[in-house]
Amino acid sequence: MLQFMFRRLIGAVITLFFIITLTFVLMSAIPGDPFTSDARVPEQVLDNLRDHYGLNDPIMVQYFKYLKGALFLDFGPSIKWDNQTVNELIATGFPVSAILGIQALAIAIFFGILLGIIAAFNHNKSFDYMAMIIAILGLSVPSFIFATILINFFAIKLQWFPVATWGTWQHSILPSIALAVAPMAYIARLTRSSILEVLSMDYIQTALAKGVTGYRFIIVHVLRNALIPVVTILGPITATILTGSFVIEQIFGIPGLGKYFVEGISDRDYPLILGTSFFYSAILVFFVILVDIAYGVIDPRIKLIKGRD
Amino acid sequence: MELLLDVNNLSITFKSKEKTVHAVRNVSFHVNKGEVLAIVGESGCGKSVTAKSIMRLLPEKTGRIMDGSIMFDGKEITTMNKKELVKYRGDRIGMVFQDPMSSLNPTMTVGDQIAEGLMIHKGYKKKKAREKAIELIRQVRIANPVHCCTKYPHQLSGGMRQRIVIAMALICEPDLLIADEPTTALDVTIQAEILNLLKELQEKMGMAIIIITHDLGVVAKFSDRVNVMYAGEIVERGTLREIFYHPQHPYTLGLLKSIPKLDHDFCEKLAVIEGSPPDLSILPKGCAFSERCSHAMDVCDQYHPEQFDQSSTHQVSCWLTDSRASRAPRVYSITH
């Protein structure tokens, strides 16, 4: 296990290195800089500003400065947000995004699996078709359209929830649902097809021949096996939720990390872009490792300890 | 002899959009307590379907018992509701499947899989059930049962897995064990070991066994009576001696002749039954075997053969055994 963790940690560091390098290259390729604006500012002032933030340094120097920052997890001050470092911005934005993301993930997993189970056990009956139509809709309708519908219906017409912004728990419900819909639909479809496959297996016949029924049959014999592929996609699902939150946070006006990330790009706030993309990547890599570990726990055929048993 | 299982006029069909397949037609047989019945036939003759129907394990949507009754220990199985059925499955009737590679749950330890039956049917607590499971693993002759108990199926070899499957079927000490081609997926040396084990456990526990196979060697090894199935029907039934020494049906004879012999001349071809079984979605008018039968008479194509008694235990469905077919050569005389 330790050996596995160590190997994965090295892999993670290499992955992150490539991601931050690529981000830096792409960022440098965007024309303009943080001080490009419509306002007429004397050239001398702009130059002083660039000097101050080290933007007049040769590109390689900027790159190594930035690598050093990543190594010590210090990305320096933000350009747009006065007197605040990137680390401070992440520290304020992340808890909000985390609540949103975790709630969305929980909704997606719970209802996705539930929907999949019900659909599979009613295979080719009306509930199955209904669940799958919902799933296809959930997958194909973009989250911002869904968010708008939710706001219009539940916040404006029914007034059950606040329209936007952040604060109380009620504020978090609509954005969490909007964020969860696509991954939920994906999980539901996968759970359904995976259960149907498991149900056709010989060991299910064995279980039935033993007289296994009800809860024990569904949980121990069917779900335990059917959820293995579902666990594998939780990594990519987390990515979907992370990137999905950029849009959702904008729509609902939530002061989360995604908002800083998107605004950082339009402002060309270089330290903020680099810091947030590094942070997002780190979370994603962490989740992928977590999923790998979970995979080994749920499927005894996969041994993490020594490669092969 | 006390009657344990009595199957009467069982007919099973499989429906799909295009056609209806009459997989089992008018099959009757019985099993007494403590005896071994073999059901023999080639692939697709309906032997596995018959076995599964006793457990009511046919696919619910397509497979249907159209007619007939299955009485187990005086209770009708075909009309049972799910709740009653579950009490029989695993407790009174155990089942061993063909392929031990796929018939064990990959995410459960084998100990838990064996113990599960006791927890469901006898209300045992996990610890006690596990102790009994270990005891049974020892009885199916796996070395170090305590260690084996905690293993997952993928960590065991094919032969060991089949022993586990057998232990699983026997944990509740059923009255009847249905073994659906228990040795087909195993290599020959392991086959013999598994058969010996089954035989030994049968003698020890005194249960009845229905063994489904296409391997006459397996039949000869330990069955008391034999049913030969062809195209969804039982064409001949009798005691082991009657079937092996006095086969009356040309199909039975063909099966027996096609067994390779040790003193076989290797330049000679193995005996085969020419042709292939009929399509069971179109019911044959006469005898289903007539097309492939070298002794076929005109009557065989036109009329379904009746069942003729050779002795109280030996019945054949073949026109050749009709007294009116006296001029036709008797099949068993051809053997000698």
Side-chain angles (χ1 to χ4, degrees), chain A residues 113 119-129 191-192 194-232 293-309, chain B residues 48 51-52 54-61 82-110 112-122 150-155 161 164-165 168-172 174 177-178 180 185:
Chain A
I113 291 176
F121 283 99
N122 291 289
H123 184 43
N124 281 347
K125 290 184 193 151
S126 49
F127 191 89
D128 182 21
Y129 295 129
T191 306
R192 172 183 175 270
S194 177
I195 288 178
L196 288 178
E197 197 191 316
V198 166
L199 283 177
S200 71
M201 292 289 180
D202 285 352
Y203 56 80
I204 291 302
Q205 288 255 308
T206 314
L208 288 173
K210 275 199 285 187
V212 182
T213 47
Y215 157 85
R216 193 181 184 86
F217 177 71
I218 294 177
I219 304 288
V220 179
H221 289 272
V222 178
L223 270 194
R224 178 89 200 267
N225 289 293
L227 286 187
I228 292 168
V230 178
V231 169
T232 26
I293 294 171
Y295 202 45
V297 171
I298 198 170
D299 187 349
R301 283 166 296 188
I302 293 170
K303 280 273 168 283
L304 306 175
I305 302 159
K306 271 181 205 152
R308 231 170 284 133
D309 189 16
Chain B
S48 285
K52 280 185 181 163
I54 298 169
M55 284 288 231
R56 287 265 303 274
L57 281 176
L58 299 172
E60 270 172 40
K61 275 169 208 143
K82 242 191 172 134
K83 230 176 155 182
E84 289 176 292
L85 200 60
V86 166
K87 285 188 198 149
Y88 277 84
R89 287 178 176 167
D91 190 17
R92 310 268 332 254
I93 310 177
M95 191 150 184
V96 173
F97 291 91
Q98 178 173 351
D99 187 359
M101 293 300 171
S102 59
S103 56
L104 287 169
N105 187 336
T107 55
M108 250 175 125
T109 62
V110 295
D112 284 349
Q113 295 193 52
I114 296 172
E116 195 175 30
L118 284 175
M119 290 160 71
I120 299 167
H121 296 294
K122 312 279 189 210
T150 59
K151 294 219 166 182
Y152 286 96
H154 70 276
Q155 295 166 314
R161 285 192 219 185
I164 295 294
V165 173
M168 205 160 70
L170 295 180
I171 188 80
C172 293
L177 178 73
I178 301 171
D180 188 357

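What you see below is based on every heavy atom in this structure, not just the backbone, and it leaves out hydrogens, waters and symmetry mates. Note on naming: letters A, B, ... go to the chains in the order of the sequence lines (proteins, then strands), and numbering restarts at 1 for each one. Since this is a predicted model, take the numbers as computed values, not measurements.
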Check: Between A:N225, A:N124, A:V212, A:L208, which shows the greatest number of heavy-atom pairs under 4.5 Å with chain B?
Finding: A:N225
Next item on the list: Could you tell me which non-hydrogen atom of A:A209 sits nearest to which non-hydrogen atom of B:M95, and how far apart they are?
Entry: CB-CB, 4.1 Å
Notebook entry, point to check: Where is the tightest heavy-atom contact between A:V220 and B:N105, given as atom of each residue plus distance?
Noted result: O-ND2, 3.8 Å
Segment of [X] engaging chain A (4.5 angstrom heavy-atom cut-off):
X      : result
B:M119 : side chain
B:Q98  : neither
B:I178 : neither
B:I120 : side chain

Check: Do any pairs count as a salt bridge (charged side-chain N to carboxylate O under 4.0 Å, His left out) and have a residue in residues 205-223 of chain A, sequence neighbours left out, and if so which ones?
Finding: A:K210-B:E116, A:R216-B:E116
Note to self: Tell me if a side-chain donor or acceptor on A:R301 pairs with a main-chain N or O of B:P106 at a distance below 3.5 Å.
What the structure shows: no
Checklist line | Side-chain donor or acceptor of B:S103 paired with backbone N/O of A:T206 under 3.5 Å | finding: no
Item checked: Residues that B:K87 engages under salt bridge (charged side-chain N to carboxylate O under 4.0 Å, His left out), provided they are two or more places apart -> none
Note to self: For residues 196-205 of chain A, give me every residue with a non-hydrogen atom less than 4.5 Å from any non-hydrogen atom of chain B.
What the structure shows: A:D202, A:Y203, A:Q205
Note to self: Going by side-chain contact (heavy atoms from CB on, under 4.5 Å), name the residues that satisfy it together with B:L58, two or more places apart in sequence or in a different chain.
What the structure shows: B:I12, B:F14, B:V49, B:K52, B:S53, B:I65
